Undergrad: 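After the structure tokens below, expect a handful of questions from me.
Owing to the predicted nature of the structure, the values given are computational and were not obtained by experimental measurement.
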Amino acid sequence: MLFSMYGIGMIIAGLSPSLKVTNIICSVVYFPMLFLSGATIPYELFPSPLQHIADVLPLTQGIHVLKDVSMGIWNEQTLLAVGILLLIGILGYQIAIRLFRWD
């Protein structure tokens with residue numbers, strides 16, 4: 001989960017013109033992600049369209065993996081969530097490498 005979150009953070013850092021803008025963008029991205037992940041409100045209580053949106057977010061997938069591991073469940077859903085986390089992380093780092101520039 002941390003791998004994919006850092007990938008997204010590095011994309012934001014590569015696109016942002018200054019530290020202040022980076023902090024604002026990170027807050028705008030992180031807090032809705034935290035709200036939609038199921039860490040604050042149970043994911044199962046969200047309407048179906050909102051669940052589909054939340055399924056794309058890495059924090060949601062990380063919470064799914066943590067729930068499954070804590071309950072001793074290891075199935076294809078868990079492997080899919082781990083795969084999504086790895087994919088987001090790898091894509092995030094690849095994009096961040098291309099966007100990075102020294103000032």
Undergrad: For Leu36 versus Phe46, what's the shortest heavy-atom pair and its separation?
TA: O-CE1, 3.6 Å
Undergrad: With side chain to side chain contact (heavy atoms under 4.5 Å, CB included) as the test, would you mind laying out the steps for Leu86 and Ser4 before giving the verdict?
TA: CA-CA 7 Å; Leu86 287 173; Ser4 60; over 6 Å; no
Undergrad: Hydrophobic clusters here meaning ILVMFWY residues chained together by side-chain heavy-atom distances under 4.5 Å, can you tell me if Ile95 and Phe3 are in one?
TA: no
Undergrad: Please tell me whether Tyr93 and Tyr6 form a close aromatic pair, meaning their ring centres lie under 6.0 Å apart.
TA: no
Undergrad: Check the hydrophobic clustering (I, L, V, M, F, W, Y; side-chain heavy atoms under 4.5 Å; chains of links allowed) and say if Ile41 and Phe31 are grouped together.
TA: yes
Undergrad: From Met5 CE over to Leu85 CG, what is the distance, rounded to the nearest 0.5 angstrom?
TA: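 One finds 10.0 Å between CE of Met5 and CG of Leu85.
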Undergrad: Please answer: with hydrophobic residues joined when any side-chain heavy atoms are less than 4.5 Å apart, are Leu80 and Ile88 in the same cluster?
TA: yes
Undergrad: Looking at CG of Asp55 and CD1 of Ile84, how far apart are the two atoms once the value is rounded to the nearest 0.5 Å?
TA: 7.5 Å
Undergrad: Between Leu2 and Leu87, is there a shared hydrophobic cluster once you connect ILVMFWY residues whose side-chain heavy atoms come closer than 4.5 Å?
TA: no
Undergrad: Quick one: does Thr22's side chain have a donor or acceptor within less than 3.5 Å of a partner on Ala13's backbone?
TA: no
Undergrad: Indicate the atoms forming the closest heavy-atom contact of Met33 with Ile8, along with that distance.
TA: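 Minimum heavy-atom separation between Met33 and Ile8: CE-CD1, 4.3 Å.
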Undergrad: Which value, rounded to the nearest 0.5 Å, describes the distance between Leu19 atom CG and Cys26 atom SG?
TA: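 Those atoms lie 9.5 Å apart.
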Undergrad: Is Leu66 linked to Leu59 within one hydrophobic cluster, defined over Ile, Leu, Val, Met, Phe, Trp and Tyr using a side-chain heavy-atom separation of less than 4.5 Å?
TA: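 Leu66 clusters together with Leu59.
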Undergrad: Identify the two heavy atoms, one from Tyr43 and one from Gln51, that lie closest to each other, and give their separation to 0.1 Å.
TA: O-NE2, 3.0 Å
Undergrad: Which atoms form the tightest heavy-atom contact between Ile63 and Ala39, and what is the distance?
TA: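 Scanning both residues, the minimum pair turns out to be CD1-CB, 4.0 Å.
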Undergrad: Rounded to the nearest 0.5 Å, how far apart are CG of Leu50 and CG of Leu45?
TA: 11.0 Å
Undergrad: Taking all non-hydrogen atoms of both residues, which atom of Ile12 and which atom of Val29 are closest, and how far apart?
TA: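 Closest pair (atom of Ile12, atom of Val29, distance): CD1-CG2, 4.0 Å.
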Undergrad: With ring centroids as reference points, do Phe35 and Tyr30 lie under 6.0 angstrom apart?
TA: no
Undergrad: Atom CG of Asp68 and atom CH2 of Trp74: how far apart are they, to the nearest 0.5 Å?
TA: 8.5 Å
Undergrad: Stepwise, does the side chain to side chain contact (heavy atoms under 4.5 Å, CB included) test hold for Met10 with Phe100?
TA: CA-CA 8 Å; Met10 291 179 69; Phe100 183 76; over 6 Å; no
Undergrad: Between CD1 of Ile53 and OG of Ser48, what distance do you get to the nearest 0.5 Å?
TA: 10.0 Å
Undergrad: Work out which heavy atom in Thr78 is nearest to a heavy atom in Ile73; give both atom names and the distance.
TA: OG1-O, 3.9 Å
Undergrad: When you measure from the side chain of Ser16 to the backbone of Ser18, do you find a donor-acceptor pair of N or O atoms at a distance under 3.5 Å?
TA: no
